[in-house]
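Structure first, then comments.
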Amino acid sequence: MMKILVIEDDLEIRKNLKQLLEEHGYQVYVIDDFKNILEDWKKKYQDTDLILLDIQIPYMNGELLLKELRKESSVPIMMVTSRSSELDEVLSMSYGADDYITKPYNPSILLLRIEAVLRRSKKEIQTLTYHHVTLNLQKCQLETKEKIIPLSKNEMRIFHFLLQHQGTIVSREEIMKYLWDTEEFIDDNTLTVNMSRIRKRLQEAGVENAIETKKGLGYILL
Amino acid sequence: MKWTRYLKDRFLYLFSFICFYFLSLYLFYIFRVSFLCVFLISFFFLFSFLFWFLYDYFKKKHFYDDLMAKLERLPQKYLLVELLERPSFLEGELLYQVLIESDKDMNEHIKTYQRKQKNFKEYLELWVHEIKTPLARCFLLLHQNRQPHAKELEQALMEIENHVDQVLYYARSEVSEKDYYIRKVNLKTIVNKVMVRNQDAFIYRKIHLELHDVDTDIYTDAKWLEFILNQIVQNSLKYCDKEEGRIVISKEIDSNGTKLSIWDNGIGIKKEELPRVFEKSFTGSNGRLGKVSTGIGLFICKNLCEKLGHQITIESKQNEYTKVVITFGNNPYYDVIERNE
């Protein structure tokens, strides 16, 4: 399980962020005492895979902390800030941040960015399984013992999304929003086309009637 | 300075001199002073008088003509005193002193306002950053707890965020100091961000987005441009009322630079209102069609574009389309940056 350290001074955000990240399968550490972050990190949190760092934290400037952390380690660091000038971003990146996101952020986009940063840093092949079918996110294909079925980028993303919500109904809007968050600006018709293609691909892979249409509500992956 | 004006100013002086001269002549005549003596006295007298008169005239003419010429030519009139030679006669000296004093006072006056404006802007920036933390809190909370009105609340929050941004950028566009940061950025990255931000309007209102290839590098401040594009796209979305709402985004590269156009088939703008849409507080008839319009968005866009050195133009046909074009010029200065990078 990937471990994320959250350094955020706003109590409410910290709590909700922890909950959000945990729900999406991360193990979350939070910093409650901002006096000795660096020492705490050295002692307890050396093994984190990613640090979410707010620029405005008590006692110490986030940028300074970023610099200090960079001296010690190359752990991916994502800066979170309410400062929205271009110069702030350029500076943070030059101090060694891996990504920079401004408040108020869209939580879905935050999750996507975290995923992207982790993917870049780990380089391990990410796969998900559905029955006897494996979804290979790196190679963008469905794999079974017998064959390999290539998917288009959109097909893969939609299937990935359905797989994450397996067993629950997801609306067309939710799927579209997910795709828009990943900067794939599809419309209604394209979604319909993609859905029928995914069904066909799954059939090819030997899974019949995997996706059910709930009229007026959306789709469900059984 | 004309000599007639100069003489007119000294009329009383001349008049009394002439009276005095004739009186003297009369006295010389009564006391039977020799003609030669009278002639010589008159000659020296008139000669020295004329000499002094001309000397004074040309000295003043030189100073005042110079003053007026500089005043005329100088675009920043308040800098006049910096250019003047220090005059060597009393009135000139006084004028010079007065100018210096009033200039100094004005400078201090302006300084006070600049400081006030700067403080206010700093406070605004701070406030905007402060307000974003509770906003982020709300977004997270809503995302975590899907309440019945989550979508409406999210919509309202997004509107608040947008208004807050507008305040920030209004302050930035009005202050003369430079606080943007121009570098090479990818246009597509910025356009995509704006699209992601406005996804709800596209998805729920089923407005068709036609996004052409905008993958090109330009020189700009990414954050500022994101704000500008967001304003324009939101305008397009707001006035896209048709059944088949469409927004087309495309780029074009020619000898003048890169042109990004945002086209929509919304209600358009009346021809007579078109030249005024970038004016502050101009809402036009569309703004009064029951849509909330402050007439600030495009005004800020125009200001920001001017600062960044981009050109923004708008064309429209009522009930057919509106097209906003931003031109990112080929500035030779940027080539220098490029080479140094």
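Residue numbering restarts at 1 for every chain, and letters A, B, ... go by the order of the sequence lines.
- For the atom pair CZ (B/R246) and CG (A/D187), the distance works out to 11.5 Å, reported to the nearest 0.5 Å.
- The line from CH2 of A/W180 to CZ of B/F202 is 5.0 Å long, rounded to the nearest 0.5 Å.
- Looking at B/R137 and A/E12, no side-chain N of the basic residue comes within less than 4.0 Å of a carboxylate O on the acidic one, giving no salt bridge.
- For B/Q144, the part lying near chain A is the side chain, with the backbone staying farther off; criterion is any non-hydrogen pair under 4.5 Å.
- The neighbour count for B/E244 CD, taken as heavy atoms of other residues, nucleotides or ligands under 6.0 Å away, does not exceed 12.
- Note: B/R172 leads B/R172, B/E154, B/R197 in heavy-atom pairs under 4.5 Å with chain A.
- Comparing B/T133, B/L209, B/L142, B/V185 by how many heavy-atom pairs each has under 4.5 Å with chain A, the most go to B/T133.
- In this structure, the portions of B/H129 lying under 4.5 Å from any heavy atom of chain A include both its backbone and its side chain.
- Heavy-atom distances place both the backbone and the side chain of A/N16 under 4.5 Å from chain B.
- For chain A, no part of B/Y180 is nearby; none of its heavy atoms comes within less than 4.5 Å.
- Of the two parts of B/L135, the backbone and the side chain both hold a non-hydrogen atom closer than 4.5 Å to a non-hydrogen atom of chain A.
- With values rounded to the nearest 0.5 angstrom, A/T102 atom OG1 is found 7.0 Å from B/E226 atom CD.
- Heavy-atom neighbours of B/F120 CZ from other residues, nucleotides or ligands within 6.0 Å: at or below the threshold of 12.
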Task: B/Q199/A/M176 under side-chain contact (heavy atoms from CB on, under 4.5 Å): CA gap, chis, key distance, verdict - done: CA-CA 9 Å; B/Q199 53 177 274; A/M176 278 169 78; over 6 Å; no
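- Heavy atoms closer than 4.5 Å to chain B are found nowhere in A/L110, neither backbone nor side chain.
- By the neighbour-count criterion of 12 heavy atoms within 6.0 Å, atom CG of B/D213 is densely surrounded, having more than that number from other residues, nucleotides or ligands.
- At a 4.5 Å heavy-atom cutoff, the contact between A/V90 and chain B is made by side-chain atoms alone.
- In B/H212, the NE2 atom is crowded: over 12 heavy atoms of neighbouring residues, nucleotides or ligands sit closer than 6.0 Å.
- The NZ atom of A/K103 lies 9.5 Å from the CD atom of B/E130; values are rounded to the nearest 0.5 Å.
- Proximity to chain A is limited to the side chain of B/L168, based on heavy atoms less than 4.5 angstrom apart.
- If you measure heavy-atom distances from A/S108 to chain B, the contacts under 4.5 Å come from both the backbone and the side chain.
- The contact between A/D181 and chain B is made by backbone and side chain atoms together, counting heavy-atom distances below 4.5 Å.
- Atom NZ of A/K15 has 12 or fewer neighbouring heavy atoms from other residues, nucleotides or ligands inside a 6.0 Å radius.
- Ionic pairing of A/K177 and B/D200 is present here: one or more N-O contacts between side-chain nitrogen and carboxylate oxygen are shorter than 4.0 angstrom.
- Going from atom CG of B/L141 over to atom CD of A/Q19 covers 8.5 Å, rounded to the nearest 0.5 Å.
- The 12-atom threshold is not exceeded at NZ of A/K153, counting heavy atoms of other residues, nucleotides or ligands nearer than 6.0 Å.
- Taking a cutoff of 4.0 Å between a charged side-chain nitrogen and a carboxylate oxygen, A/E183 and B/K188 do not qualify as a salt bridge.
- Between A/S85 and B/K223, the shortest heavy-atom distance links the atoms C-CG, 4.1 Å.
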- [ ] Apply side-chain contact (heavy atoms from CB on, under 4.5 Å) to the pair A/E86 and B/W224, showing each step before the final yes or no.
- [x] CA-CA 8 Å; A/E86 184 71 0; B/W224 285 34; over 6 Å; no
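- Contact record, A/P107 with B/F139: CG-O, 3.9 Å, taken as the closest heavy-atom pair.
- Of the candidates A/L87, A/L91, A/D88, B/Y181 forms a side-chain contact (heavy atoms from CB on, under 4.5 Å) with just one, namely A/L87.
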